[in-house]
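Sequence positions, counted from 1, serve as the residue numbers for this chain.
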Amino acid sequence: MDIRECLPRDKFDYEAVRKLSEFSDVELKVIIPELMEWLQDGNWPISKPVEDLLLRLGEDLIPHLKDVLQTQDPQWEYFILVGLIDRLPISHLSMLQTDLVRILESPTPDEVLEELDGVIVELLEKMEETNER
């Protein structure tokens, strides 16, 4: 069975997420971009289960997270920041530090409107606290 046949078809497709959870991490890696799209709105019912699924993939998420942080879609950035990125281990979070600092120091007008700075300050403080230990 092609893993893409199991991708969610709508924001309520829990069964698809359940089926995807049966695939190996290696198999899931090929559909990371498609799964990331289900995180564009953290209010969608399958958003959290998709986050849970993606968290299994660890460091392989980093390039895809960087892509989202450069999309010029501040709502998607927000939901990625408060959802998936906030749940990453510090070792993975630190790989995004440059992107987080860029948004904090040189935000786009839409990133300012979405108030991403507050979320990013919390993430950077979380990294700093861990580094101090």
Which donor-acceptor pairs under 3.5 Å do the side chains of residues 4-11 make with protein atoms, sequence neighbours left out?
{"residue": "Arg4", "atom": "NE", "partner": "Glu34", "partner atom": "OE2", "Å": "2.9"}
{"residue": "Arg4", "atom": "NH2", "partner": "Val30", "partner atom": "O", "Å": "3.1"}
{"residue": "Arg4", "atom": "NH2", "partner": "Glu34", "partner atom": "OE2", "Å": "3.2"}
{"residue": "Arg9", "atom": "NH2", "partner": "Glu5", "partner atom": "O", "Å": "3.3"}
{"residue": "Asp10", "atom": "OD1", "partner": "Phe12", "partner atom": "N", "Å": "2.7"}
{"residue": "Asp10", "atom": "OD1", "partner": "Asp13", "partner atom": "N", "Å": "3.1"}

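Considering all non-hydrogen atoms of both residues, Pro49 and Pro45 come closest at CD-O, 3.5 Å. Contact detail for Thr71 and Asp67: the closest heavy-atom pair is CG2-O, 3.1 Å. Closest approach of Trp76 to Leu39, counting heavy atoms only: CD1-O, 3.5 Å.
Listed by chain and residue number, nothing satisfies the side chain to side chain donor-acceptor pair (under 3.5 Å) test with Glu122 (two or more places apart in sequence, or in another chain). Applying the side chain to side chain contact (heavy atoms under 4.5 Å, CB included) test to His92 and every residue at least two apart in sequence or in another chain returns Glu59, Ile62, Leu88, Pro89, Met95.
Salt-bridge annotation for Lys48 and Asp52: present, with a side-chain N of the basic residue lying under 4.0 Å from a carboxylate O of the acidic one. The residues Glu15 and Arg18 are annotated as salt-bridged, a charged nitrogen and a carboxylate oxygen being separated by less than 4.0 angstrom.
Between Asp41 and Trp44 the shortest side-chain heavy-atom distance falls below 4.5 Å. Ile85 is listed as a side-chain neighbour of Leu81, based on a closest heavy-atom distance under 4.5 Å. The shortest distance between side-chain heavy atoms of Asn43 and Phe79 falls below 4.5 Å.
With rounding to the nearest 0.5 Å, the separation of CD1 in Ile103 from CD in Gln70 is 8.5 Å. Between Leu104 atom CG and Glu111 atom CD the span is 10.5 Å, to the nearest 0.5 Å. Taken to the nearest 0.5 Å, the CD1 atom of Ile31 stands 4.0 Å off from the CD1 atom of Ile3. Of the inter-residue distances, the one linking Ile80 atom CD1 with Leu84 atom CG reads 5.5 Å to the nearest 0.5 angstrom. The OG1 atom of Thr98 lies 11.5 Å from the CG atom of Leu69; values are rounded to the nearest 0.5 Å. Taking CG of Leu96 as the start and CZ of Arg102 as the end, the distance is 12.5 Å to the nearest 0.5 Å.
Between the side chains of Gln40 and Gln75, no donor N or O sits under 3.5 Å from an acceptor N or O.
Under the 4.5 Å side-chain heavy-atom criterion for ILVMFWY residues, a single connected hydrophobic cluster contains both Leu124 and Ile90. The same ILVMFWY cluster, assembled from side-chain heavy atoms under 4.5 Å apart, contains both Leu116 and Val121.
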- Message: Quick one, Val50 with Leu54, criterion side-chain contact (heavy atoms from CB on, under 4.5 Å). Give me CA distance, side-chain angles, the key distance, then yes/no.
- Response: CA-CA 6 Å; Val50 170; Leu54 285 168; 3.9 Å; yes
- Message: With side-chain contact (heavy atoms from CB on, under 4.5 Å) as the criterion, how do Asp110 and Gln72 come out once you've worked through the C-alpha distance, each side chain's angles and the decisive distance to 0.1 Å?
- Response: CA-CA 8 Å; Asp110 288 336; Gln72 304 295 311; over 6 Å; no
- Could you walk me through whether Val112 and Asp117 pass the side-chain contact (heavy atoms from CB on, under 4.5 Å) test, one step at a time? CA-CA 7 Å; Val112 171; Asp117 58 330; over 6 Å; no
- Apply the test side-chain contact (heavy atoms from CB on, under 4.5 Å) to residues Leu20 and Leu28: give CA-CA distance (whole Å), side-chain angles for both, the deciding distance (0.1 Å), then the verdict. CA-CA 8 Å; Leu20 287 172; Leu28 286 173; 4.2 Å; yes
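In Tyr78, the OH atom is not crowded: 12 or fewer heavy atoms of neighbouring residues, nucleotides or ligands sit closer than 6.0 Å.
In summary, of the residues considered (Leu100, Asp99, Val101), a side chain to side chain contact (heavy atoms under 4.5 Å, CB included) with Gln97 occurs for Val101 alone.
In this structure, the side chain of Glu27 engages the main chain of Ser24 through a donor-acceptor pair within 3.5 Å.
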